[in-house]
Amino acid sequence: MSEGTSGSDGEGGLSLRERKKRATRQRISNVATGLFKARGFDQVSVAEVARAAEVSTMTVFNYFPRKEDLFLDRIPEAVEVLSGAVRHRAPGETPLAALRRLSLELRDQHHPLAGPNDAFPDFWQVVIDSPALRARAREGLEEIENALSDALAETAPDIPDPALTAALIVAAYRSVYGTTARRLLAGERGEEPAEDHQVRMTAAFDTLERALTPA
């Protein structure tokens, strides 16, 4: 489970079966996260997670194809949310405007994807200590970049190079996120890092607008 929790994951319109599946997936992830934080990612097996969650190992893999996805379980959500903001933006809204709006909405929802929070250090220390998780995190950024590129290519024909545009957007997100992460890992807490994070995110979008808007 990614750092922090959020009550914003809506379940409206889902069938009882889908709600149960979502609850089972979250329970498995929560159990895995607790074990990984306590003992380290590489010291816990999928079979141990299954036993602690009272499900079969096959059930774990049905929800999480790779062990790394038990911990970095918000990667698919990040791919969907970011590319979805571009695909389903309002008429006349630019992709960057849609992503800027999404950033503010996630912040207002206190959503984990809004940026690092005070729960960040404990979570990401597990990632830092595991080469497998670090590799999966890098793959996750590539997945987000590819999904954004596809969404831009399909919905924004005026953008001449969707792949380059997507790469610049992800680089901006990564830079802002990384700066805040380093502050939190160094021991800073409270409102200031979160406020500075949003200021830098706004500045990043301003820079992207200037760089990507045709002269």
Exercise. Take the angle between the ring planes of His197 and Tyr177 and call it parallel below 30°, perpendicular above 60°, tilted in between.
Key: perpendicular

Please list, one pair per line, the donor and acceptor atoms closer than 3.5 Å that link side chains of residues 199-208 to other protein atoms, with sequence neighbours excluded.
{"residue": "Arg200", "atom": "NH1", "partner": "Thr179", "partner atom": "OG1", "Å": "3.2"}
{"residue": "Thr202", "atom": "OG1", "partner": "Gln198", "partner atom": "O", "Å": "3.0"}
{"residue": "Asp206", "atom": "OD1", "partner": "Arg100", "partner atom": "NH1", "Å": "3.2"}
{"residue": "Asp206", "atom": "OD1", "partner": "Arg100", "partner atom": "NH2", "Å": "2.9"}
{"residue": "Thr207", "atom": "OG1", "partner": "Ala203", "partner atom": "O", "Å": "3.0"}
{"residue": "Thr207", "atom": "OG1", "partner": "Arg210", "partner atom": "NH2", "Å": "3.4"}

Practice problem: State, with a plain yes or no, whether a side-chain heavy atom of His111 is found less than 4.5 Å away from one of Val81. | Solution: no

Quiz item: Do side-chain atoms of Ser83 reach the backbone of Leu148 as a donor and acceptor pair under 3.5 angstrom?
Solution: no

Practice problem: Kindly indicate, with the supporting measurements, whether the criterion side chain to side chain contact (heavy atoms under 4.5 Å, CB included) is fulfilled by Phe36 and Val49. | Solution: CA-CA 9 Å; Phe36 295 150; Val49 172; 4.2 Å; yes

Quiz item: Does Ser29 use its side chain to pair, donor to acceptor, with the backbone of Arg25 at less than 3.5 Å?
Solution: no

Quiz prompt | Close side-chain approach of Ser56 and Asn62, heavy atoms under 4.5 Å | solution = no

Practice problem: Following the transitive rule for hydrophobic clusters with a side-chain heavy-atom cut-off under 4.5 Å over Ile, Leu, Val, Met, Phe, Trp and Tyr, establish whether Tyr173 and Leu104 coincide in one cluster. | Solution: no

Quiz item: Hey, are Glu18 and Ser15 close enough side-chain-wise for a donor-acceptor pair under 3.5 Å?
Solution: no

Practice problem: Any pair with a residue in residues 151-163 that passes side chain to side chain donor-acceptor pair (under 3.5 Å), sequence neighbours left out, goes on the list, sorted by first then second residue, please. | Solution: Arg87-Glu154, Arg89-Thr155

Exercise. Decide side chain to side chain contact (heavy atoms under 4.5 Å, CB included) for Leu185 and Ile128; before the verdict, give the C-alpha distance in whole Å, the side-chain angles of both, and the deciding distance to 0.1 Å.
Key: CA-CA 11 Å; Leu185 286 168; Ile128 291 168; 3.9 Å; yes

Quiz item: Which heavy atom in Glu145 sits nearest to a heavy atom in Ala167, and how many Å separate them?
Solution: OE2-CB, 3.5 Å

Quiz item: Would you call Arg136 and Glu143 a salt bridge, using N to O less than 4.0 angstrom?
Solution: yes

Quiz item: Among side-chain atoms of Asp129 and Gln125, is any donor-acceptor pair under 3.5 angstrom?
Solution: yes

Quiz item: Ala52 and Val31: which non-hydrogen atoms are nearest, and at how many Å?
Solution: CB-CG1, 3.5 Å

Quiz item: How long is the span from the CD1 atom in Ile159 to the OG1 atom in Thr165, to the nearest 0.5 Å?
Solution: 5.0 Å

